[in-house]
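Letters A, B, ... mirror the listed sequences (proteins, then strands); counts begin at 1.
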2 protein chains.
Amino acid sequence: MKEGPDIALLGSLIGDPARANILMALLSGKALTATELAAEASVTLQTTSSHLKKLEAGGLLHRRKQGRHKYFTLADDDVGSLLESMLGFAAKKGHTRVRTGPKDPALRNARVCYNHLAGEMGVQMLDSLIRYEHIIGVDTELTLSDQGISFVELLGIDPEALKKPRRPVCKSCLDWSARRSHLAGTLGTELLNRFYSLGWAKRDEGSRIVTFTPKGSTQFQAHFPI
Amino acid sequence: MKEGPDIALLGSLIGDPARANILMALLSGKALTATELAAEASVTLQTTSSHLKKLEAGGLLHRRKQGRHKYFTLADDDVGSLLESMLGFAAKKGHTRVRTGPKDPALRNARVCYNHLAGEMGVQMLDSLIRYEHIIGVDTELTLSDQGISFVELLGIDPEALKKPRRPVCKSCLDWSARRSHLAGTLGTELLNRFYSLGWAKRDEGSRIVTFTPKGSTQFQAHFPI
DNA sequence: TTCATACTTCGATCCTAATCGAAGCATTAA
DNA sequence: TTAATGCTTCGATTAGGATCGAAGTATGAA
């Protein structure tokens with residue numbers, strides 16, 4: 001009964017509303033300062049500072065110094081995955097926040113999940129990649145096929161640049177809104193970056209919503225058909 | 001920022017040590033009474049009662065009346081999956097309980113995860129099933145192939161009996177000790193039950209450990225080779 | 001009916017942890 | 001150096017919730 005990992009510590013870290021707000025804000029993938037996070041969490045800077053310390057000690061956050069600012073990000077992809085799976089569970093159980101604003105549909109359509117594309121479009125992308133055998137999926141282990149390599153090159157992504165230490169190229173991540181998987185990993189990250197630089201999509205400042213341009217939408221459908 | 005599901009509620013439910021102990025005890029898959037759970041959590045019956053009420057309201061637990069006993073189980077497979085993924089995360093981040101007892105190696109080898117086999121043997125089983133194409137895996141979606149159906153029949157499992165409303169036949173579940181997936185779903189449950197009834201394995205009373213008999217171990221290796 | 005078991009509710013206590021004001025430290029700009 | 005910004009530490013307060021004793025309810029056994 002006293003065996004194994006300690007799940008209570010993790011739960012209590014996420015269980016405080018202020019800390020949950022901080023984590024949700026960072027799930028956007030952007031690095032944020034303590035002051036910005038304080039505003040997100042609606043608590044003072046002092047309180048935020050103490051929360052950030054605890055989250056960092058728990059291995060959930062990463063702190064980067066830059067000038068007189070300190071930027072915080074989620075520690076790694078695992079944190080993002082964990083948060084998304086908790087979001088999925090909470091959504092299914094009806095643990096919804098009071099205010100499900102007008103942004104909700106847009107959020108379900110396309111949003112940032114830490115550093116890759118989530119929502120219906122994210123799910124469609126992974127489905128399409130698997131359907132056309134650009135990605136071969138066995139269980140949660142996804143691998144880029146030979147034709148998949150050609151495919152990403154066509155999009156202007158260097159396949160060699162995807163190989164990074166301690167990060168998988170392809171990884172599946174459960175989507176809370178669609179209850180299906182979308183693509184994470186270095187490929188997921190690079191694809192989203194590419195959508196930005198190709199002008200297909202833009203980040204909605206201050207939220208996790210990704211807005212596709214009309215042209216970008218057409219291109220996306222052409223490259224990732226259902 | 002105030003959009004989407006409420007993750008803090010979920011976190012705080014799991015974040016209390018007593019409640020975490022209760023959930024861990026139920027992860028064994030056994031239905032336990034309030035009195036038994038009180039012993040597991042090392043708190044009085046009154047306190048346990050209040051915890052159980054909260055966990056049930058949060059959709060994590062299910063309560064079944066039977067005579068003057070009230071049996072508690074995890075609400076569904078999703079709860080088990082969520083807990084295992086939190087366990088995996090906590091293990092990776094080094095959030096381990098003080099006492100990692102002598103049972104730890106046995107626990108890593110073969111244990112019960114809610115209602116199916118987990119640990120190294122659980123992972124080996126799923127690997128083998130996929131390798132010999134008894135199960136076809138695309139992403140987290142696993143399906144039993146035609147030869148897989150013959151295979152389970154050979155083991156004395158009726159494939160028709162696996163079809164249950166609102167439960168997938170095959171499902172992958174992340175393993176906290178092996179950091180790989182093992183098999184959940186009705187098939188996972190039935191296979192473990194079959195191991196028991198064939199006399200291959202026995203439950204270690206009072207823990208989640210599954211002990212294979214020498215004969216059972218040989219049979220297991222023969223049926224699920226690496 | 002009477003008693004026992006299993007659990008819940010109530011009420012009081014106690015303790016942790018979240019919160020914020022004030023002061024301190026660090027970095028940059030002028 | 002001085003001033004300003006960004007963040008941390010300290011200390012005191014407060015609130016929420018975990019805890020348990022005592023009493024109450026429900027079910028079953030004798």
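One interatomic measurement links the two molecules: CZ of B:R64 to P of C:dA6, which rounds to 17 Å at whole-angstrom precision. With rounding to whole Å, A:L61 atom CG is found 15 Å from D:dC7 atom C1'. Atom P of nucleotide C:dT8 and atom CG of B:L55 are separated by 12 Å, given to the nearest angstrom. Residue A:H69 contributes atom NE2, which lies 13 Å from atom C1' of C:dA26 at whole-angstrom precision.
Here B:R167 does not pair with B:E190 in a salt bridge; the nearest charged N to carboxylate O distance is not below 4.0 Å. Between B:K93 and A:D6, none of the side-chain N atoms (NZ, or NE/NH1/NH2) sits under 4.0 Å from a carboxylate O, so this pair counts as no salt bridge. Classification of B:D77 and B:K171 as a salt-bridged pair fails, no side-chain N sitting under 4.0 Å from a carboxylate O. A salt bridge is absent between A:E56 and A:R19: the closest approach of a Lys/Arg side-chain nitrogen to an acidic carboxylate oxygen does not fall below 4.0 angstrom.
Proximity of A:I135 to A:L126: side-chain heavy atoms (C-beta onward) are separated by under 4.5 Å at one or more points.
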Worksheet item: Along nucleotides 8-20 of chain D, 5' to 3', which nucleotides get a B, which get an S, and which get a -, given that the test is a protein heavy-atom distance under 4.0 Å?
Response: BB--------SSB
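The aromatic rings of B:F195 and B:W200 sit parallel, their planes meeting at an angle under 30°, below the 60° perpendicular limit.
A donor atom on one side chain and an acceptor atom on the other are not found under 3.5 Å apart for B:E84 and B:S81.
Once rounded to the nearest 0.5 Å, the distance linking CD1 of A:I157 with CG of A:L191 reads 4.0 Å.
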Are there any protein N/O atoms within less than 3.5 Å of an N/O atom in nucleotides 26-30 of chain D, and if so, which ones and at what distance?
unit_1 : atom_1 : unit_2 : atom_2 : d
D:dT27 : OP1    : B:K65  : NZ     : 3.1

